[in-house]
Amino acid sequence: MRRMTARPANTHQARLLRLLRDSGPNSRAQLGDQVDLSRSKLAVEVDRLLETGLVVADGLAASRGGRRSHNIRLAPALRFLGVDIGATSVDVAVTNAELEVLGHITQPMDVREGPVAVFEQVLSMTAKLRASGLAEGFDGAGIGVPGPVRFPEGVPVAPPIMPGWDGFPVREALSQELGCPVMVDNDVNLMAMGEQHAGVARSVADFLCVKIGTGVGCGIVVGGEVYRGTTGSAGDIGHIQVEPEGRPCACGNRGCLEAHFSGAALARDAEEAARQGRSAELAGRLADTGILTSVDVAAAAAAGDATALDLIRAGGNRTGQVIAGLVSFFNPGLVVIGGGVTGLGHTLLAAIRTQVYRQSLPLATGNLPIVLGELGPTAGVIGAARLISDHLFSPA
């Protein structure tokens, strides 16, 4: 059954809903301090929101002199579904309207199996969350995929690591299955939105969020809003060339950053080093499991393996080279590094920082923090829930 969620009637109501989402319950007086409305106009808009059921009264507010008013909060029954599809795993979570994660499931998955198989798994995970009593249905769902998305339509476009997904109507198909509105975006944009809402970027208006996983991408936030570009492909930095006539890339070009440093590239280089006898630590792990991942490289580096450390530093240097160019162009207030490869930790971060601080001008880097994300895999699902709440908390 399709859930019909009311929408704000105007921009004032939309602003109030987003304030309540981002800062939790507020009194009418506190809301009045944050919006440019007269007391009488504010009262009218809050009363209209109460009538829609999107907000509810929530106890008496602290006295500021005179009669105490009620706190207002978003309706506790509102539920959003956040889905973050990676190349090798999928995260599904239920949140309330304030984007607090109520339940979260992670499972391995291969995005190359195609959209039908992946969405069967997503719907199965969603059913488990529903069965746990966290939600009877959903008021909206946000979906992240690891490739370029034509944003208004919610359709992946020629994603290099997602065979079979080109042109698939993700938004339309999942909206029919879930019975609620759906929004779709690139996964790194959702990571940026998650870190902005509840992570390391909470107080920053202009920042870059670089995700290094199976592929590499960058979420660009300008004035507190994700910048997607004209067609939705902004931030596709994994396909910036770092090595002329370098390795072939899945996109069809050569020498892309993603071909030289990403989760997949690092695993390939580690296996090559192990087979060539350059690392006893990596060779032992390869013999045990038959395959190496960035987790193995991180463990080898932690054990002091020189080859593993060299691989991480070389990748960090290439990534830092690209980020240095972005910093010189964009002048962000923060750079966040996230994704599966961040398990490589401070060796990777130090190499990236060294390149950026060395290559970009002092005016751009003098007060520029370059940090690891705080939220890990939760960032994507929180960002997905924020994406759909932004849509629903906008005038219809």
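These values consider heavy atoms only, across backbone and side chains, with no hydrogens, waters or symmetry-generated copies. Remember, it's a predicted structure, so these values are computed and weren't measured experimentally. Positions are given from 1 along the sequence.
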For residues 43-56, tabulate all N or O donor-acceptor pairs below 3.5 Å that involve a side-chain atom, not counting sequence neighbours.
from, atom 1, to, atom 2, distance (Å)
Glu45, OE1, Asn10, ND2, 3.3
Glu45, OE1, Gln13, NE2, 2.9
Glu45, OE2, Asn10, ND2, 3.2
Glu45, OE2, Lys41, NZ, 2.7
Asp47, OD1, Arg28, NH1, 3.4
Asp47, OD1, Arg28, NH2, 3.0
Thr52, OG1, Leu49, O, 2.6
Thr52, OG1, Leu54, N, 3.1

For residues 230-239, which side-chain donor-acceptor pairs fall under 3.5 Å, sequence neighbours excluded?
none

Arg202 backbone acceptor or donor facing Gln196 side chain under 3.5 Å = no
Let me know which of Arg254, Arg318, His260 forms a side-chain hydrogen bond (donor to acceptor under 3.5 Å, both in side chains) with Glu243.
-> Arg318
Between Arg268 and Glu272, is there a side-chain N and carboxylate O pair less than 4.0 Å apart?
-> no
Report the residue from Ile337, Ile370, Val335 that forms a side-chain contact (heavy atoms from CB on, under 4.5 Å) with Arg353.
-> Ile370
Side-chain donor/acceptor of Glu195 to backbone N/O of Val200, under 3.5 Å = yes
Between Asp305 (side chain) and Ala300 (backbone), is there a donor-acceptor pair under 3.5 Å?
-> no
Anything under 3.5 Å between a donor and an acceptor, one on a side chain of residues 144-157, the other on a protein residue two or more places apart or in another chain? List them.
from, atom 1, to, atom 2, distance (Å)
Arg150, NE, Glu153, OE1, 3.2

Please check if the side chain of Arg79 supplies one atom and the backbone of Leu134 the other of a donor-acceptor pair under 3.5 Å.
-> yes
Just by distance, do the side chain of Thr307 and the backbone of Arg278 share a donor-acceptor pair under 3.5 Å?
-> yes
Is there side-chain contact between Ile382 and Met193, with heavy atoms separated by less than 4.5 Å?
-> no
